[in-house]
Number of protein chains: 2
Amino acid sequence: MQNVINSTRKQQKLSQAELATKTGVTRQTINAIENDKYDPSLDLAFKLADVLGLRVDQLFLWGDRHD
Amino acid sequence: MQNVINSTRKQQKLSQAELATKTGVTRQTINAIENDKYDPSLDLAFKLADVLGLRVDQLFLWGDRHD
DNA sequence: CTGAAATGTAAAGAACGTTTGACATAAAAT
DNA sequence: ATTTTATGTCAAACGTTCTTTACATTTCAG
């Protein structure tokens, strides 16, 4: 599923490692999600949205070209 | 994680089986999620929100008493 | 240019999400 | 009261999410 984690993270000048720490996962998990290897769990999606200051449906683009 | 699937589904007079069909999963999956056995995948969360006419963050209540 | 920080990637395994098939109880309809 | 529809639950199997460890490549500050 498409997401805007990479651009949002860069806007806030966070590294993958920093975002990982803030959301309680590993750097590799953030990297995999940014690069569309797999979708996060619902809980992690909420944590990412929370840290990045967006709603889940704004951070993950399901509507168009959905999944 | 808390969710309002049960009440929303009932408002729309859908059975668990009907909601399952509309979201492309089995009845047992809907039942388990309604009864908080586990959280759905992000994709299924979006499908459920779509069918029930709510946003993911309205259907799943992460903010208060979060996860 | 050199070194440090950031990113990409991979394999093995633990934990979670979903299916299938089945059976049991509850609720609603006839 | 009997049948049908809806819900709860369980176990085995399978695919997905995430961790750990490790190494390679890219980016950037000095």
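Below, each value reflects all heavy atoms present in this structure, side chains not excepted, and no hydrogens, waters or symmetry copies. Residue numbers start from 1 in every chain, and the chains themselves are labelled A, B, ... in the order their sequence lines are given, proteins ahead of strands.
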Separation of D/dT21 atom C1' from A/Asn31 atom CG, nearest Å, is 15 Å
Winner on side-chain proximity to A/Tyr38, out of D/dT19, D/dG8, D/dC10, is D/dT19
Here the pair of heavy atoms bringing B/Glu34 nearest to B/Arg9 is OE2-NE, 2.5 Å
Taking five pairs at each terminus, the helix from C/dC1-D/dG30 to C/dT30-D/dA1 shows an axis bend, to 10°, of 50°
- request: Start with the C-alpha distance between A/Asp39 and A/Phe60, add both sets of side-chain angles, then the distance that settles side-chain contact (heavy atoms from CB on, under 4.5 Å), and finish with yes or no.
  value: CA-CA 9 Å; A/Asp39 292 331; A/Phe60 297 91; 5.7 Å; no
Note: chain B reaches DNA chain C at heavy-atom distances under 4.0 Å over the stretch, first to last nt, 5' to 3', of C/dG17 to C/dA22
To the nearest 0.5 Å, atom OG1 of B/Thr29 lies from atom NZ of B/Lys37 at 11.5 Å
Side-chain atoms of B/Lys37 come closest, of D/dT9, D/dC23, D/dT21, to D/dT9
- When you measure from the side chain of A/Asn35 to the backbone N and O of A/Asn31, does any donor-acceptor pair fall under 3.5 Å? yes
From CD1 of B/Ile33 across to C1' of D/dT9 the rounded distance in Å is 15 Å
At 4.0 Å (heavy atoms only), tell me whether B/Thr29 reaches a base, stays on the sugar-phosphate, or touches nothing. base
Exercise for the section: Could you give me the CA-CA distance, side-chain angles and deciding distance for B/Leu48 and B/Asn3, then say whether side-chain contact (heavy atoms from CB on, under 4.5 Å) is met? Expected result: CA-CA 11 Å; B/Leu48 285 164; B/Asn3 68 70; over 6 Å; no
Does B/Asn35 put a side-chain nitrogen or oxygen below 4.0 Å from OP1 or OP2 of D/dG8? yes
Separation of D/dT16 atom C1' from A/Asp36 atom CG, nearest Å, is 15 Å
Heavy atoms of B/Thr23 and B/Lys47 approach each other most closely as O-CD, 3.5 Å
Quick one: is A/Arg27 getting a side-chain N or O under 4.0 Å of the D/dT21 phosphate, OP1 or OP2?
no
Reckon A/Thr26 touches a base, only the sugar-phosphate, or nothing at all at heavy-atom distances under 4.0 Å? base
Scanning both residues in full, the closest heavy-atom pair of A/Glu18 with A/Lys13 reads OE1-O, 3.8 Å
Taken to the nearest whole Å, CD1/B/Ile5 to P/D/dA6 is 18 Å
Closest non-hydrogen atoms of A/Ala49 and A/Val56, given as atom of the first, atom of the second and distance, are CB-N, 3.7 Å
If you apply the rule side-chain contact (heavy atoms from CB on, under 4.5 Å), what do you find for A/Leu59 with A/Val4, and how did you get there?
CA-CA 5 Å; A/Leu59 193 54; A/Val4 294; 3.9 Å; yes
### Task
Would you classify B/Glu34 as touching base, sugar-phosphate or nothing, given that sugar-phosphate means primed atoms plus P, OP1 and OP2, and contacts are heavy atoms under 4.0 Å?
nothing
Taken to the nearest whole Å, CG/B/Asn6 to C1'/D/dA6 is 12 Å
Here the distance between atom C1' of D/dT17 and atom CG of B/Asp43, to the nearest Å, is 14 Å
Rounded to whole Å, CD of A/Gln16 lies from C1' of D/dT25 at a distance of 14 Å
